Amino acid sequence: MQSPKALLKANHIIPKKSLGQNFLCDRQASEMIVRRCGISTNDTVVEIGAGTGALTVPAAKAADRLHAIETDGRLIKILENVVAKNQLNNVVIHHQNVMDADLSDLADDAHGKLIVIGNLPYYLSSQILIRLVTSRHVINRAVLMFQQEVAQRISAAPGTGEYGRLSVIMGYCADVTPLARLKPDLFFPRPQVHSEIIEIKFKPVPSHANCDDDTLFDIIKHAFGKRRKTLKNALTSGMPGPGGQAWTDILTRAGVDPGARAETLTAANFVSICNSYKLRYQEKEISRNE
């Protein structure tokens, strides 16, 4: 593994804070991450933020095919040279922002679902995670590096200070396992925070669910939008449609105390609320048509 710092210097490239660029410099750490991914020769891998190829090379050597996504055009030539030097003919480089990528297209040639890996830019990590959630029908699992604080929020339990919107969404659709922590001195430039690698195994997408993702995620967002409010008041002011008494009925039917606060509820509680909310609208529609 050639030093990212040396590669960047040789190409007169200065890392951009605006892109959250902190390049992994430790070969052992890169190989450890790939080992823990459990990549096999039947797998198609998508790497988010390929950078200078620190994860690209060991992951491509283990996989059937690897799609390397990199948004910074200055790094594409470096990445191409690294891939060529290592004689990797199974790597496809995409000069693209991952938020614009269609993962379904990348899964078309996969033997199974995709494995997603990446050292995520801290400023965009939450948005990328939600994007993966919405594409989870084509993803088997993801092994991703986050700022430690974000990783703790993702896996937080109800009632803790870190518990929030991301915790609920991930509890609903995935099993999350912390894998390792990395010190700041393993990166260039050196970040101010520690990083944490987590494995995300997505659960099967329900095929016949009353509650859809869009409605559920809206309820979660508005429930946590005003933490000091009771659940009934937060949803009354945030969600379209029902007023206060209606939300009391919806929450009671879901088996949830209207006076509770969002941070005390489990993902299953939020699914029950969503089902109750959707059922209310279905009942209204039926009564209108009778």
Side-chain angles (χ1 to χ4, degrees), residues 4 8 13 15-24 30 33-34 37 39 43-60 63-80 82-83 88 90-110 112-147 150-151 153-154 165-166 169-170 173-174 176 179 187 191 195-202 205 213-214 217:
L8 294 172
I13 295 173
K16 289 184 177 180
K17 287 185 179 181
S18 62
L19 294 178
Q21 291 178 328
N22 299 98
F23 299 91
L24 184 61
S30 298
I33 293 169
V34 171
C37 289
I39 298 169
D43 291 323
T44 297
V45 176
V46 174
E47 182 185 4
I48 299 173
T52 61
L55 287 178
T56 311
V57 173
D64 176 54
R65 175 168 294 196
L66 185 140
H67 293 277
I69 299 176
E70 177 53 57
T71 190
D72 188 350
R74 303 175 304 162
L75 301 177
I76 298 300
K77 192 64 178 177
I78 292 177
L79 194 55
E80 289 174 344
V82 167
V83 167
L88 299 171
N90 62 338
V91 175
V92 182
I93 298 172
H94 303 264
H95 178 201
Q96 189 177 29
N97 187 317
V98 68
M99 300 301 288
D100 300 323
D102 187 341
L103 296 184
S104 296
D105 285 347
L106 302 185
D108 283 344
D109 64 345
K113 292 186 177 181
L114 300 171
I115 297 175
V116 179
I117 64 173
N119 174 16
L120 301 188
Y122 293 156
Y123 79 102
L124 200 59
S125 58
S126 297
Q127 294 95 310
I128 292 174
L129 183 58
I130 297 300
R131 182 61 186 274
L132 296 182
V133 167
T134 62
S135 300
R136 68 187 187 278
H137 58 286
V138 297
I139 302 173
N140 179 27
R141 64 188 183 277
V143 176
L144 303 168
M145 194 184 312
F146 294 88
Q147 180 179 344
V150 175
R153 289 207 304 270
I154 290 170
R165 174 173 166 252
L166 280 181
I169 291 174
M170 297 313 296
C173 69
V176 178
L179 295 182
F187 299 86
S195 299
E196 186 163 334
I197 303 160
I198 62 175
E199 180 185 53
I200 299 167
K201 289 185 177 179
F202 287 109
V205 180
D213 282 3
D214 288 343
F217 295 170

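All values reported here derive from a predicted model rather than from experimental measurement.
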Novice: Quick check for you: to the nearest 0.5 Å, what is the distance between L55 atom CG and C37 atom SG?
Specialist: 7.5 Å

Novice: Quick check: closest heavy atoms across A151 and E196, and the distance to 0.1 Å?
Specialist: CB-CB, 3.7 Å

Novice: Can you measure from CE (M145) to CD1 (I48) and round to the nearest 0.5 angstrom?
Specialist: 12.5 Å

Novice: Hey, which of L106, V92, V116 is the one that makes side chain to side chain contact (heavy atoms under 4.5 Å, CB included) with I69?
Specialist: L106

Novice: Determine the minimum heavy-atom distance between L24 and P4, stating which atoms define it.
Specialist: O-CG, 3.3 Å

Novice: Rounded to the nearest 0.5 Å, what's the gap from OG on S135 to CZ on F202? Could you check?
Specialist: 8.5 Å

Novice: Let's go through I169 and I130 carefully: what are the C-alpha distance in whole Å and the side-chain angles of both, what is the deciding distance for side-chain contact (heavy atoms from CB on, under 4.5 Å) to 0.1 Å, and is it a yes or a no?
Specialist: CA-CA 9 Å; I169 291 174; I130 297 300; 3.8 Å; yes

Novice: Taking atom CD1 of I33 and atom CD1 of I197, what is their separation to the nearest 0.5 Å?
Specialist: 3.5 Å

Novice: Can you see which heavy atom on R74 is nearest to which on D72, and at what distance?
Specialist: NH2-OD2, 2.9 Å

Novice: Please determine if R136 and D213 form a salt bridge, counting it only when a charged side-chain N lies under 4.0 Å from a carboxylate O.
Specialist: yes

Novice: I'd like to check V176 versus K201 (side-chain heavy atoms, cut-off strictly below 4.5 Å). Are they in contact?
Specialist: no

Novice: Answer whether the closest heavy-atom distance between the side chains of I139 and K113 falls below 4.5 Å.
Specialist: no

Novice: To the nearest 0.5 angstrom, please state how far the CD atom of Q21 sits from the CD1 atom of I13.
Specialist: 8.5 Å

Novice: Using side-chain heavy atoms (C-beta onward) and a distance below 4.5 Å, is F146 in contact with I198?
Specialist: yes

Novice: Restricting to non-hydrogen atoms, name the atom on G53 and the atom on P58 that form the minimum distance, rounded to 0.1 Å.
Specialist: O-CD, 4.4 Å

Novice: Does N22 reach the side chain of P121, with side-chain heavy atoms less than 4.5 Å apart?
Specialist: no

Novice: Report yes if some heavy atom in the side chain of I115 is under 4.5 Å from a heavy atom in the side chain of V46; otherwise report no.
Specialist: no

Novice: Show the numbers, then the answer: is there a side-chain contact (heavy atoms from CB on, under 4.5 Å) between L114 and N140?
Specialist: CA-CA 6 Å; L114 300 171; N140 179 27; over 6 Å; no

Novice: Shortest non-hydrogen contact from A59 to L66?
Specialist: CB-CD1, 3.5 Å

Novice: Can you tell if the side chain of L129 reaches within under 4.5 Å of the side chain of I200, non-hydrogen atoms only?
Specialist: yes

Novice: Please tell me if the side chains of S126 and R165 come closer than 4.5 Å, counting only heavy atoms from C-beta onward.
Specialist: no

Novice: With side-chain contact (heavy atoms from CB on, under 4.5 Å) as the criterion, how do L79 and V91 come out once you've worked through the C-alpha distance, each side chain's angles and the decisive distance to 0.1 Å?
Specialist: CA-CA 10 Å; L79 194 55; V91 175; over 6 Å; no

Novice: Taking the side chain as every heavy atom from C-beta outward, state whether E199 and R141 have any pair of such atoms under 4.5 Å apart.
Specialist: yes

Novice: As an exercise, state the distance from NE2 of H67 to CD1 of I93, rounded to the nearest 0.5 Å.
Specialist: 12.0 Å

Novice: Check I128, L132, N119 against L144 for a side chain to side chain contact (heavy atoms under 4.5 Å, CB included) and give me the one that passes.
Specialist: L132

Novice: Taking all atoms of both residues into account, what is the closest heavy-atom pair of R131 and D100, and its distance?
Specialist: NH1-N, 3.9 Å

Novice: Go through the steps to decide whether V150 and Y122 satisfy the test side-chain contact (heavy atoms from CB on, under 4.5 Å), and finish with yes or no.
Specialist: CA-CA 9 Å; V150 175; Y122 293 156; over 6 Å; no

Novice: Determine whether the side chains of S18 and Y123 contain a donor N or O and an acceptor N or O closer than 3.5 Å.
Specialist: no

Novice: Any donor and acceptor pair, going by atom type alone, linking the side chain of D43 with main-chain N or O of V45 inside 3.5 Å?
Specialist: no

